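In what follows, a structure is listed as structure tokens, so that the remarks can point back to it.
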Amino acid sequence: MAPNSELTTGLNEPQERAVRHPGGPLLVLAGAGSGKTRVLTSRIAWLISGQQVRPEEIVAFTFTNKAAAEMRERIAALVGSTQGMWVGTFHSTGVRILRRFGPEIGIPRNFSIYDYDDQVSVVKEILREMGLGADREATPKKILGRISDAKEAGVSPEELAREARGPLDRRAGQVYGLYEAALARASALDFDDLIVRTLALLRQRPDIEESLSRRFRHVLVDEYQDTNTAQVELVRRLGGVHRNIFVVGDDDQSIYGWRGADPTNILRFEQAFPDAQVVRLEQNYRSTMTILKAANAVIRHNRNRKGKELWSEREPGTLIEWVETADEEAEAELVRGRIARGIEAGLTTGDFAVLYRTNAQSRALEGALRRSGTPYQLVGGVAFYQRREVKDLLAFLRLLLHPEDDLAFRRICNVPPRGMGATFLEKLDQAARETGLPLQSALFQWADEGRLTGARNAGALQLVHLLRDLRKLTGEDITLVAEELIERLEYRKYLAQSEPDTAEERVANVNEFVGGAAAFALRAEDPSLEGFLAEAALIADVDRMAEGGERVTLMTAHAAKGLEFPVVFVVGLEEGLFPLTSFSTEPSHLEEERRLFYVALTRAEDQLVLTSTRFRRRYDLSGASMPSRFLAEIPGELLRGAPAPSRGTLPTERPRLQSAAPPAAAEPAGTSWVGRFLNHAQFGPGRVVEQEGKGSQAKLTVEFAGGVRRKILARYVEEDF
DNA sequence: GTCCGTCCCATTTTT
DNA sequence: TGGGACGGAC
């Protein structure tokens with residue numbers, strides 16, 4: 001066990017103050033790269049080794065499983081073990097509490113967890129049963145969004161139906177109750193339930209709340225800025241007795257507002273806990289001063305924030321590079337070229353990350369890297385546990401534990417095809433309704449009554465045998481169960497035959513699935529099948545990201561939070577894309593986009609390369625694009641090689657214009673200026689939106705980067721293209 | 001019941 | 001642009 005003083009060696013003054021905080025609510029406002037994980041882990045180690053706090057008296061919440069694992073590892077390195085300590089995401093901690101106490105409020109102990117896709121399927125099924133077709137206004141996803149909001153806000157199905165405003169609310173109100181019933185029938189909880197039902201438990205059973213909050217002398221929360229209202233209440237209740245609530249966060253890195261995170265939680269911490277103390281960590285140990293200056297300048301444009309200035313003892317470092325390319329192929333090519341150049345200069349592929357706003361942007365980048373043989377890893381996209389072949393296997397396993405899970409049954413009953421298609425399922429469904437049995441039980445009943453005869457039903461009978469045989473194995477090692485399942489299904493063979501094009505990848509996923517199960521069996525506290533299924537539902541793709549592999553990392557800016565790389569590319573810096581404004585342009589949304597950009601910038605240790613294109617292909621609107629307003633927010637003296645708005649240099653590359661590009665190039669001079677792209681000596685590139693008068697005498701209204709509009713005389717502009 | 005073609009939909013971010 | 005859902009033909 002490390003001596004007390006050793007734990008705080010090398011900490012700066014505010015860090016040490018936070019670690020040694022005597023008790024009561026504390027908010028640590030920790031800027032990017034300011035060592036917040038170190039503070040959290042040192043704090044826990046200090047509590048254990050110096051303050052006689054026992055591990056089981058500590059509960060710590062993180063945002064990802066990966067962060068939890070890392071925290072556990074680092075604490076173990078300091079104090080030897082984390083045995084008994086609760087370190088996990090809000091959702092996994094909810095699972096833990098509900099597995100123990102759920103039956104007290106009518107939740108089956110071994111409930112299964114429905115992920116987003118499962119939720120969507122449930123809603124679709126309900127709409128189908130209601131005889132409702134596609135509705136542009138009320139798509140399954142939109143309905144689910146309303147239901148999720150309602151659940152989080154504690155609104156019941158009846159209330160939602162009663163207070164419905166507009167057709168979407170009304171439809172959601174109708175579906176909500178049926179949705180909850182369907183989940184209950186399948187013994188399933190969704191993501192929201194894991195938090196909300198835990199809260200319900202604590203509210204309904206003060207004795208349980210009391211015993212838990214008495215146990216947890218210290219409650220710690222990482223990434224507090226990403227909490228939602230329900231999560232904050234959970235923290236408050238669990239910390240209710242001892243009030244040692246230690247939260248770490250950065251209001252400038254709140255990027256999950258769209259899924260219910262409330263950045264004002266962190267702004268209001270001191271109101272919620274009037275005796276709260278605040279420690280600010282502003283010294284950054286990651287990035288060069290140039291990068292920090294840029295990040296500070298950008299985030300200063302947000303109004304709704306606490307206000308922090310990052311600083312570093314590091315050298316200024318190289319300037320930030322901004323390159324504008326013709327289109328996304330050229331952009332990808334540029335990234336590839338810069339990486340190659342960096343490697344020649346002694347860097348390794350693992351030193352690079354390419355960050356983008358939307359997953360769709362990875363395609364061009366992947367293409368360029370693949371063609372050049374540069375190894376890369378893609379984080380996100382279709383996550384591992386969402387892949388069809390993996391979900392099929394998970395559905396089988398789920399069905400072993402939960403015969404009542406009709407969703408899982410529907411998914412696998414004809415995988416691989418065994419003559420149980422739509423017609424068969426229809427009949428089975430009817431029988432199930434009449435008897436009130438789950439689909440699987442109805443099938444078993446048919447088998448027992450000897451109704452599954454003949455070649456026609458051979459497949460169905462085989463499925464019955466398979467499920468019954470496997471069920472006998474559920475107590476065994478999960479790797480064994482998974483292997484047996486795949487073997488008996490001849491699943492690899494099926495994949496190879498049915499989809500030769502993707503078979504290799506899918507088989508690899510199946511193998512990784514088995515490997516993952518084996519690793520889980522070794523590592524997990526609770527190596528049961530239900531433990532494995534819970535983890536599979538709660539795991540994110542970032543959690544699986546390979547550590548230190550010699551590969552370029554490609555991911556969204558969201559996925560990059562908490563990570564750092566020597567060289568970072570932020571691509572696609574165009575108006576409409578980053579900031580992404582297709583959904584909303586209201587100021588609060590724009591501030592979140594800016595925080596996201598801030599997160600992206602502060603991932604870089606040494607070098608930052610920003611790129612934008614002049615032509616962007618998108619599914620909805622393809623066409624000429626404008627540089628992102630965020631670029632204009634970086635002080636010109638920190639940038640190089642760019643058509644910096646403040647300097648107005650002409651871009652060097654000419655775009656390969658395509659049909660969707662503005663008409664300017666083809667049009668004879670002297671007709672209309674509207675729609676043309678031009679370059680202004682002072683304001684930089686812009687697009688003409690209005691015109692008064694004609695020719696060089698014309699008065700133009702031009703929109704520049706950042707959406708700024710100015711009136712300009714035509715004779716003061718040079719045509720860009 | 002399966003295969004293949006067409007059409008239509010969606011793409012923000014994910015525990 | 002691509003992938004998934006649906007419908008028609010074998």
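Chain letters run A, B, ... following the sequence lines, proteins first and then strands; every chain starts at 1. Because the structure is predicted, anything quoted here is derived from the model rather than measured.
Taking the side chain of Ala360(A) as heavy atoms from C-beta on, and the options dT2(B), dT15(B), dT11(B), the nearest nucleotide is dT11(B). Side-chain proximity of Glu593(A) to dT12(B), dT1(C), dT2(B): nearest is dT12(B). The side chain of Thr358(A) has dT12(B) as its nearest neighbour among dT14(B), dT12(B), dT15(B). Of the candidates dT13(B), dT2(B), dT15(B), dT15(B) carries the atom nearest the Phe191(A) side chain, counting heavy atoms from C-beta on. In the set dT15(B), dT1(C), dT12(B), the nucleotide with an atom closest to the side chain of Leu580(A) is dT12(B).
Put simply, the side chain of Phe101(A) does not reach to within 4.5 Å of the side chain of Thr198(A), judged on heavy atoms.
Taking atom C1' in both dA5(C) and dT12(B), the straight-line distance is 23 Å, to the nearest Å.
At the phosphate of dT14(B), OP1 or OP2 sits under 4.0 Å from a side-chain N or O atom of Thr556(A). Residue Lys141(A) places at least one side-chain N or O closer than 4.0 Å to OP1 or OP2 of dT11(B).
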**Asked** Hey, mind stepping through Glu591(A) and Asn304(A) against side chain to side chain donor-acceptor pair (under 3.5 Å) and telling me if it holds?
**Response** CA-CA 8 Å; Glu591(A) 293 211 345; Asn304(A) 202 6; 5.0 Å; no

**Request:** Could you walk me through whether Lys151(A) and Asp190(A) pass salt bridge (charged side-chain N to carboxylate O under 4.0 Å, His left out), step by step?
**Result:** CA-CA 11 Å; Lys151(A) 283 174 93 157; Asp190(A) 64 18; 2.8 Å; yes

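Phe63(A) comes within 4.0 angstrom of the backbone, heavy atoms only, and of no base.
For the residue pair Phe615(A) and Ser625(A), the shortest heavy atom distance occurs at N-OG, 3.7 Å.
As rounded to whole Å, 13 Å separates atom P of dT15(B) from atom CD of Gln119(A). Atom P of nucleotide dT12(B) and atom OH of Tyr116(A) are separated by 10 Å, given to the nearest angstrom. For the pair Asn457(A) CG and dG1(B) C1', the computed distance is 14 Å after rounding to whole Å. As a whole-Å value, the separation of Asn65(A) CG from dT14(B) P is 15 Å. As a whole-Å value, the separation of Lys142(A) NZ from dC9(B) P is 12 Å. Distance, Trp258(A) CH2 to dT13(B) P: 8 Å, rounded to whole Å. If you take CG of Leu234(A) and P of dT15(B), they are 19 Å apart, rounded to a whole angstrom. When the C1' atom of dG2(C) is taken as reference, atom CD of Glu366(A) falls 14 Å away, rounded to whole Å.
Checking His589(A) against Met420(A), the closest nucleotide of DNA chain B that is more toward the 5' end is the one next to Met420(A). Across the interface with DNA chain B, nearest-nucleotide mapping of Phe424(A) and Glu592(A) shows Phe424(A) to be the residue nearer the 5′ end.
One donor-acceptor pair, N or O on each side, does fall under 3.5 Å between the base of dT13(B) and the side chain of Arg357(A).
No close placement of the Phe513(A) and Phe520(A) rings is indicated, their centers lying 6.0 Å or farther apart.
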